[in-house]
Amino acid sequence: MNSYQGQAISWKLSDGVVELELHRQPCNEIGSLTLHELEQFAGVLPALEYEAHALIIHSSVKAGFCAGADLRELYQRSQALDKKEAAKAMRDFVERIHRVMNRLDESPLTTIAAVHGVCFGGGLELALTCDMIIADRMARFCFPELRLGLIPGFGGIPRLKRDLGNAVVRDLLLTGRSFNATKGQQIGLASQLAGEGEVLNAARATAAQMGKFDRATAIAAKRFIKPVPYEELRQEIEIFCELFSQPVVEAALKKFVESEDAQPYLP
Amino acid sequence: MDQTLDEVLALAALHFKVPREKLTPDDDFFKTLGIDSLQALDLLTRLEHHFHIELPDYELQGVSDFRTLAARIQARL
């Protein structure tokens, strides 16, 4: 199978490059549908890895790459269940998303996140699984989870710590502030910037360059350069699930979901 | 400050395709430009690039008029 068209994601294999496209409106929020389709993608990755050398993850949604977890679905699910069941459902969801994220992180393909617009929370965590982030000049990044009484729960902290200085990590996490692509490049998050609307072309050119090298060497280099921080990822799940059961989270989710404020994405 | 405010108004008018003369310093930019929170972040990014500054979004909490927005930018120049 060289292509797949889902409701939230699609992918195609062409010239040794897999392009995974996110296309769920309004901004690729990651809920059960997206997770299910990402799991399906992870399931076919072994076959794709046999034929391809690179993977590009990008979005065709105008608003951006991904605004993070689907907070409305998260809140509605927590309301439909009692507290114990809601906590279990959340843990199941987080365990599943970690398996997908780890699988992407571990892939022997050279992986590129081509990011434009909003890249927040779970969207940034998805981008951080990739070997490199190429950012549109107008992209904006953020880990807003502390505003909800949570920490990032899709593997964000260990992967951010892997790539950035700890002082910057603390600033970004503890303020929950968003920052632009230029800042993202300055701190080492994005390795390349592209002109507005050109990020996918830049990612394709980069993937083509990567295809010139011996695959076994590229795989060995990736394994050496980019270890997966499994122990910290496991710790993150435990901390996230513990925090999720706190009343402050339910109150914050309710406030977000029911907000008529024009600025739900601002702190 | 006046120049900063003028540049903010000009950039907002240009990007969101609103006649410059329809924008005044005390307008609620969400309403006047007809933008949502994501578009407000887009405006923030464009302003940061234009003025070569970094403006943490928490400094914009509760800010919805061009005059205060320009003052926040001025404080980072």
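First the proteins, then the strands, lettered A, B, ... as listed; each starts at 1.
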Is it true that, when you exclude [X] itself, more than 12 heavy atoms of the residues, nucleotides or ligands shown sit nearer than 6.0 Å to its [atom1]?
| X | atom1 | value |
| --- | --- | --- |
| A:Q235 | CD | yes |
| A:H23 | NE2 | yes |
| A:Q7 | CD | no |

In the structure I gave you, are the side-chain heavy atoms of B:P56 and A:T175 within less than 4.5 Å of one another anywhere? no
Would you compute the distance between atom [atom1] of [X] and atom [atom2] of [Y] and round it to the nearest 0.5 angstrom?
| X | Y | atom1 | atom2 | answer |
| --- | --- | --- | --- | --- |
| A:C142 | B:D57 | SG | CG | 6.0 Å |
| A:R177 | B:E54 | CZ | CD | 4.5 Å |
| A:K62 | B:D42 | NZ | CG | 8.5 Å |

Which pair of heavy atoms, one from B:L55 and one from A:R140, lies closest together, and at what distance? O-NH2, 4.2 Å
Closest non-hydrogen contact found for A:R137 with B:H49 is O-NE2, 2.8 Å
Where at least one partner belongs to residues 175-195 of chain A, residue pairs that pass ring pair (Phe, Tyr, Trp, His ring centres under 6.0 Å), sequence neighbours excluded: A:F141-A:F179
Looking at residues at least two apart in the chain, or sitting in another chain, which of them share a side-chain contact (heavy atoms from CB on, under 4.5 Å) with B:T32? B:L23, B:D27
With chain B as the partner chain, list the residues of residues 155-174 of chain A whose heavy atoms fall under 4.5 Å from it, by residue number, and write 'none' if nothing qualifies. none
Do the side-chain N and O atoms of B:T45 and A:N180 include a donor-acceptor pair separated by under 3.5 angstrom? no
Salt bridge (Lys or Arg N to Asp or Glu O under 4.0 Å) pairs, two or more places apart, involving residues 186-198 of chain A: A:E196-B:R46
